[in-house]
Protein chains: 2
Amino acid sequence: MKATRSDVAKLAGVSTATVSNALSNPEKVKDETVKKVLEAVKALDYRPDMIARSMSTKKTMQIGIVLENISNPFFGDIVRGFESAANEKNYFVNICTGFNKLDEYFDNFITRRLDGVFVTAIPYKFNMDKLYHLVDNGIKVLVSGNVGADFRKVSSIENDHMAAMHEAMEYLYSLGHRDIAYLSGLGRNLPYDLRSIGYRQMVERLGLPCGEDLLFDGKYPYSTDMTDGYYYANELMKSGRKFTAVICVNDLMSLGAIKAFKEKGYRVPEDVSVMGFDGITYGEYWEPSLTTMNLDKVKFGEKAFELLYSNISKGNTGYFENKLSLIKRMSTAKCR
Amino acid sequence: MKATRSDVAKLAGVSTATVSNALSNPEKVKDETVKKVLEAVKALDYRPDMIARSMSTKKTMQIGIVLENISNPFFGDIVRGFESAANEKNYFVNICTGFNKLDEYFDNFITRRLDGVFVTAIPYKFNMDKLYHLVDNGIKVLVSGNVGADFRKVSSIENDHMAAMHEAMEYLYSLGHRDIAYLSGLGRNLPYDLRSIGYRQMVERLGLPCGEDLLFDGKYPYSTDMTDGYYYANELMKSGRKFTAVICVNDLMSLGAIKAFKEKGYRVPEDVSVMGFDGITYGEYWEPSLTTMNLDKVKFGEKAFELLYSNISKGNTGYFENKLSLIKRMSTAKCR
DNA sequence: GTGAAAGCGCTAACAA
DNA sequence: TTGTTAGCGCTTTCAC
């Protein structure tokens, strides 16, 4: 049977309150008493009960992190950074994946009284009001994904995908490419995909002849996995439009696209240059290795926790913008 | 402010117990009363508090799943299967990754009173006693990974990697291969890696000339990621030993190995056949596509929850063995 | 420096 | 069919 605090108190010959103090505020208790308590704790293999503690402190020391695709190594690294930072502050992290039932999670968060939640998912998948509802219920929220959330209510952490897209386009342009396609997979004309906006800006700024003909958007539920890259690359080829370079919304899609191109006899990068966003490890090992706009994912995760923690402990929302950097590898080359 | 059950009781003009009953056992309460309660619930936007509920029921409806590498899509699929089955029964799943601090998680599980835990990690990483300690503290445990746990205390779910290795070896043998290497990455002479045992059995049974010279084991912490496959393949080449086929402990390592071979001018499969275990999606998209011993990961996850749930609700431990099946793709070919 | 007691929100006997 | 009440294990005033 599990020992409770009162068992400890009895064995140590003190009161339950003293046990609590000895454990959490040892400086308030006589050294000798602390020692007695610690011995009793050890003898009984006593562990405090977080449930009961939450009951009186109103804090669960539990944080949720909601993401779309746990299998994308991109998210895996972010989680790693986030979780290790959280653990250091004694928070327990709940990773929540689950594709179409994000709303259910949100209900669960309230019911389980999480202290905070980090939501990194495109907002097609959830209801914005539900997010504010969390806040109204005392749960601190951090979002990522340019969802246009009210910054007074929730914190946010974003990647500067717009600038990154500019850099990507300039790089391809400098290689002589003029017919540059963008396989987005996300919705067109929506503010969430900054890359899409950045792409169109650059098409105009650089005076590319393709106009918007080479922008391929997706449809609900806007999946951006390897299989989707494969699909959109085939769509691009079927369209009959001219292209010499392709940018994908993320690395995973780039890898699928490369597969599709090779199957149809296109050589990468000789016939078509391909690049992505994120900088996942697989890209390094791919054939050819993938040029990408890299993002320090672990650091991003750590920074995310920092923001959320600040909101939880001090009550202030915050904002952080992360920068990406170009990694040139073998999947891009001079336009012939 | 969050509404409590007594607010609801007041508004509905009934007692708190009636609210509880109306919510969980509506058949025990007059329809009219149920209706009144439901209206009050809605009006107040009341949600039951799981923490308080756990306090009295002694159940948290929370399950932990411990795994080593969240970024391996293999685990992602297992988690997906496990979680969706768990959610159906109203359990909340805690995914726990975190490389070297598994023990800390275990402490946390007790402190947070999880109802059950699914541990799928090689046992180098944790202390077996800690596992039983969970059981002693009332937490039901399911393990995977041939850790040799006492089946009276914990349930287990395993993959028949031994039979799968036999099939893999027979397949390569039938293609004419005699010099077949096995890149394990795990420890030699330990019972956890059934593939390793199966490999040695087949080396003897088929009378392969290589003996055990082509078995490459790893060292602590026995990482089996893509980068490790790359590393061991290079070790194999450096050894100067003859080989025409290579089996890797999992697909991820196979992909890294293929990369290494190609870099050194070996063609796959013309010069060397490569195959793995798991059947992850990336293998399908790889160049060349990867032959593998496939495993139905989502089903595995569902079955895992089923076992754990049975232990939680009925108190009986159980065992399940999953079978793998050969998927032939382009990374293996007749030995020249 | 230490102890007594109230209270966190809920469930589960037991009474009514 | 509904209400009363005693916990669940802990923290936290407030006395002593």
Side-chain angles (χ1 to χ4, degrees), chain A residues 1-38 40-41 44-62 90 108 110-115 137-139, chain B residues 1-38 40-41 44-62 90 108 110-115 137-139:
Chain A
M1 205 41 227
K2 257 178 79 167
T4 74
R5 190 214 36 185
S6 89
D7 297 327
V8 175
K10 209 174 295 166
L11 184 62
V14 298
S15 77
T16 58
T18 301
V19 175
S20 284
N21 275 327
L23 260 29
S24 9
N25 310 85
E27 72 280 4
K28 289 190 170 180
V29 178
K30 226 197 318 185
D31 284 358
E32 198 188 335
T33 314
V34 173
K35 216 177 116 195
K36 271 195 302 190
V37 170
L38 256 29
V41 163
L44 296 169
D45 186 37
Y46 165 77
R47 288 137 201 278
D49 182 325
M50 270 303 290
I51 302 291
R53 177 176 293 173
S54 298
M55 197 72 195
S56 49
T57 60
K58 302 279 179 198
K59 305 167 124 290
T60 54
M61 298 303 282
Q62 210 164 335
N90 295 314
N108 241 311
I110 296 176
T111 267
R112 291 180 186 273
R113 288 219 221 126
L114 297 207
D115 291 341
N137 278 276
I139 299 176
Chain B
M1 207 40 230
K2 256 178 81 166
T4 75
R5 190 216 35 186
S6 89
D7 296 328
V8 176
K10 209 173 297 168
L11 184 62
V14 298
S15 77
T16 57
T18 301
V19 174
S20 284
N21 275 328
L23 260 29
S24 7
N25 309 84
E27 72 280 3
K28 291 191 169 181
V29 178
K30 223 193 326 182
D31 283 359
E32 197 188 337
T33 314
V34 172
K35 217 177 117 195
K36 271 196 301 187
V37 170
L38 257 29
V41 164
L44 295 169
D45 187 35
Y46 165 78
R47 288 136 200 279
D49 182 325
M50 272 302 290
I51 302 291
R53 175 177 295 174
S54 299
M55 198 73 195
S56 50
T57 59
K58 302 279 184 198
K59 307 169 123 290
T60 54
M61 297 303 283
Q62 211 163 334
N90 294 315
N108 241 311
I110 296 177
T111 268
R112 291 181 185 274
R113 289 219 222 125
L114 296 207
D115 292 341
N137 278 275
I139 298 177

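Since the model is a prediction, treat every value here as computed from it, not as a measurement. Residue numbers begin at 1 in each chain, while the letters A, B, ... track the order of the sequences.
- A close approach under 4.0 Å does not occur between any side-chain nitrogen or oxygen of A:T18 and OP1 or OP2 of C:dT2.
- Residues B:Y46 and B:L11 have side chains not in contact (no heavy-atom distance under 4.5 Å, counting atoms from C-beta outward).
- Across A:V29, A:V14, A:T33, a single residue satisfies side-chain contact (heavy atoms from CB on, under 4.5 Å) together with A:N21, and that is A:V29.
- Set against C:dC10, C:dG3, D:dC10, the side chain of B:Y46 has C:dC10 as its closest nucleotide.
- Taking atom CG of residue A:L23 and atom P of nucleotide C:dT2, one finds them 14 Å apart after rounding to whole Å.
- Whole-Å rounding puts the A:M50 CE to D:dC8 C1' distance at 16 Å.
- Two residues are said to be in side-chain contact when any heavy atoms from C-beta on lie closer than 4.5 Å; B:R113 and B:K58 meet this criterion.
- At the heavy-atom level, B:T4 lies under 4.0 Å from the strands shown only through sugar-phosphate atoms.
- Residue B:I51 contributes atom CD1, which lies 23 Å from atom P of D:dG7 at whole-angstrom precision.
- Checking C:dC10, D:dG9, D:dG3 against every side-chain atom of B:R53, the shortest atom distance belongs to C:dC10.
- Counting only heavy atoms from C-beta on, B:K30 has its side chain closest to D:dT1 among D:dT1, D:dG9, C:dG9.
- Distance NZ (B:K28) to P (D:dG3): 15 Å, rounded to an integer number of Å.
- Between B:R112 atom CZ and D:dC8 atom P the separation is 22 Å, expressed in whole Å.
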After noting the C-alpha distance and the side-chain angles of A:R53 and A:M61, does the key distance pass the side-chain contact (heavy atoms from CB on, under 4.5 Å) rule?
-> CA-CA 10 Å; A:R53 177 176 293 173; A:M61 298 303 282; over 6 Å; no
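- Between A:E27 atom CD and C:dG1 atom C1' the separation is 12 Å, expressed in whole Å.
- Across the protein-nucleic acid pair, A:R47 atom CZ and D:dG9 atom C1' stand 16 Å apart, rounded to whole Å.
- The B:A52 side chain lies nearest to C:dG9 when the options are D:dC10, C:dG9, D:dT5.
- Distance from the side chain of B:P48 is smallest for C:dC10 among the nucleotides C:dC10, C:dT2, D:dC10.
- In A:E32, the CD atom is not crowded: 12 or fewer heavy atoms of neighbouring residues, nucleotides or ligands sit closer than 6.0 Å.
- Distances shorter than 4.0 Å separate none of the side-chain N or O atoms of A:S56 from OP1 or OP2 on C:dC8.
- Here D:dC10 presents its C1' atom at 12 Å from NZ of A:K2, a figure rounded to the nearest Å.
- Within the 4.0 Å cut-off from OP1 or OP2 of C:dG9, at least one side-chain nitrogen or oxygen of A:K58 is found.
- Within 6.0 Å of CG on A:N25 lie more than 12 heavy atoms contributed by other residues, nucleotides or ligands.
- If you check D:dT2, C:dC10, C:dG3 against the side chain of B:T33, the one that comes closest is D:dT2.
- Among the nucleotides D:dT12, C:dA4, C:dC8, the one closest to any side-chain atom of A:S20 is D:dT12.
- As judged by a 4.0 angstrom heavy-atom cut-off over every strand, B:S24 is placed among residues making no nucleic acid contact.
- Annotation: of the two residues near DNA chain C, B:M55 and B:N25, the 5′-most nearest-nucleotide partner is B:M55.
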